[in-house]
Amino acid sequence: TTVTFTATPVNEGTDPHYQWRSYGLNIPGAPDSPVYTTSDLTDEQEISVVLTSNISPCPTNNPATSNIITITVNPIPDEPEANNNGPFCEGETIELSTQSVTGATYSWTGPNGFSSDVQNPIIPNATTLDAGTYEVTVTVLGCTSSPGSTSVVVNTVPETPTASNNGPFCAGETIELYAE
């Protein structure tokens, strides 16, 4: 994630200079600016800035050093494993599932405008419009995983057949049954 640090001096004089630091050492390539933006941070890294100004009584040999900001870098959660209990026939209940992750929120998306924030959502009365790929992401401490996916199959229910026979019959005759 890109992070922007901003130094807000109270009295910076006419020609202020900024030196951004990590663990007390100058950051190569950091701008001589009150704003420093980077995406190259590690957990527990310490960032500060030194302001050198020409304002009296703080000549250039007496710079002001900011407070130290200690960075917390949260890990991105692993891609969740998405599952379903299919294949399904129209009218059945689709059950989606993923593993439990401590402190996580869940986000499911899928066909037919489906979305859910439940870990293991269900879709009652499935139709063929519910068939397709469902994806789930987990978010922990503001960091979102790559999506895990599962493919759901919903089969159409065949039409009810019309049954008939070649009767009436006499004893000993062969009965023939037909379905259309």
Side-chain angles (χ1 to χ4, degrees), residues 1-6 20 22-23 27-31 35-47 68-180:
T1 302
T2 300
V3 177
T4 299
F5 298 91
T6 303
W20 291 93
S22 175
Y23 300 110
I27 299 173
V35 177
Y36 171 56
T37 301
T38 184
S39 59
D40 187 27
L41 297 170
T42 59
D43 197 34
E44 303 288 321
Q45 186 172 353
E46 296 177 350
I47 301 292
I68 294 173
I69 297 174
T70 302
I71 303 302
T72 299
V73 178
N74 296 316
I76 295 174
D78 292 334
E79 179 180 303
E81 183 179 324
N83 298 295
N84 71 81
N85 64 329
F88 305 94
C89 291
E90 288 179 301
E92 292 183 330
T93 298
I94 298 170
E95 296 178 11
L96 302 171
S97 63
T98 190
Q99 72 274 20
S100 180
V101 177
T102 302
T105 58
Y106 301 85
S107 179
W108 286 89
T109 59
N112 204 21
F114 176 78
S115 67
S116 176
D117 60 2
V118 176
Q119 177 187 346
N120 301 312
I122 62 170
I123 304 168
N125 300 315
T127 70
T128 55
L129 296 174
D130 297 316
T133 302
Y134 288 78
E135 293 185 336
V136 61
T137 58
V138 295
T139 301
V140 179
L141 298 172
C143 299
T144 301
S145 71
S146 297
S149 65
T150 185
S151 183
V152 169
V153 175
V154 180
N155 297 307
T156 58
V157 175
E159 297 287 327
T160 302
T162 302
S164 61
N165 64 67
N166 65 337
F169 305 98
C170 292
E173 291 184 331
T174 300
I175 299 172
E176 294 181 23
L177 302 174
Y178 306 97
E180 298 177 21

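Just so you know, these numbers come straight off a predicted model, no measurement behind them.
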Under 3.5 Å, is there a donor-acceptor pair linking the side chains of [X] and [Y]?
{"X": "Ser115", "Y": "Thr109", "result": "no"}
{"X": "Tyr178", "Y": "Glu176", "result": "yes"}
{"X": "Ser145", "Y": "Thr137", "result": "no"}

Going by heavy atoms in the side chains, are [X] and [Y] under 4.5 Å from each other?
{"X": "Thr37", "Y": "Thr2", "result": "yes"}
{"X": "Thr139", "Y": "Ser107", "result": "no"}
{"X": "Thr4", "Y": "Val35", "result": "yes"}

Between the side chain of [X] and the main-chain N/O of [Y], is any donor-acceptor distance below 3.5 Å?
{"X": "Gln45", "Y": "Ser22", "value": "no"}
{"X": "Glu90", "Y": "Val157", "value": "yes"}
{"X": "Asn84", "Y": "Leu96", "value": "no"}
{"X": "Trp108", "Y": "Phe114", "value": "no"}

side-chain contact (heavy atoms from CB on, under 4.5 Å) between Ile94 and Val154, worked out: CA-CA 9 Å; Ile94 298 170; Val154 180; 4.1 Å; yes
Worked check of side-chain contact (heavy atoms from CB on, under 4.5 Å) between Tyr36 and Ile27: CA-CA 10 Å; Tyr36 171 56; Ile27 299 173; 3.4 Å; yes
Assess whether atom [atom1] of [X] is packed by more than 12 heavy atoms of other residues, nucleotides or ligands within 6.0 Å.
{"X": "Leu41", "atom1": "CG", "result": "yes"}
{"X": "Asn165", "atom1": "CG", "result": "yes"}
{"X": "Asn112", "atom1": "CG", "result": "yes"}
{"X": "Glu81", "atom1": "CD", "result": "no"}

Quick one: closest heavy-atom pair of [X] and [Y], and the distance?
{"X": "Glu79", "Y": "Pro147", "result": "CD-O, 3.3 Å"}
{"X": "Gly132", "Y": "Pro111", "result": "CA-CG, 3.7 Å"}
{"X": "Pro168", "Y": "Glu173", "result": "O-OE1, 4.1 Å"}
{"X": "Cys143", "Y": "Pro75", "result": "CB-O, 3.6 Å"}
{"X": "Ser149", "Y": "Ala82", "result": "C-CB, 3.7 Å"}
{"X": "Asn74", "Y": "Leu141", "result": "ND2-O, 3.4 Å"}

Verdict with supporting geometry, Thr150 and Thr133, side-chain contact (heavy atoms from CB on, under 4.5 Å): CA-CA 6 Å; Thr150 185; Thr133 302; over 6 Å; no
To the nearest 0.5 angstrom, please state how far the [atom1] atom of [X] sits from the [atom2] atom of [Y].
{"X": "Ser100", "Y": "Gln119", "atom1": "OG", "atom2": "CD", "value": "4.5 Å"}
{"X": "Asn83", "Y": "Gln99", "atom1": "CG", "atom2": "CD", "value": "8.5 Å"}
{"X": "Ile123", "Y": "Thr93", "atom1": "CD1", "atom2": "OG1", "value": "9.5 Å"}

Parallel, tilted or perpendicular: ring planes of Trp20 versus Phe5, cut at 30 and 60 degrees: tilted
side-chain contact (heavy atoms from CB on, under 4.5 Å) between Tyr106 and Asp117, worked out: CA-CA 5 Å; Tyr106 301 85; Asp117 60 2; 5.8 Å; no
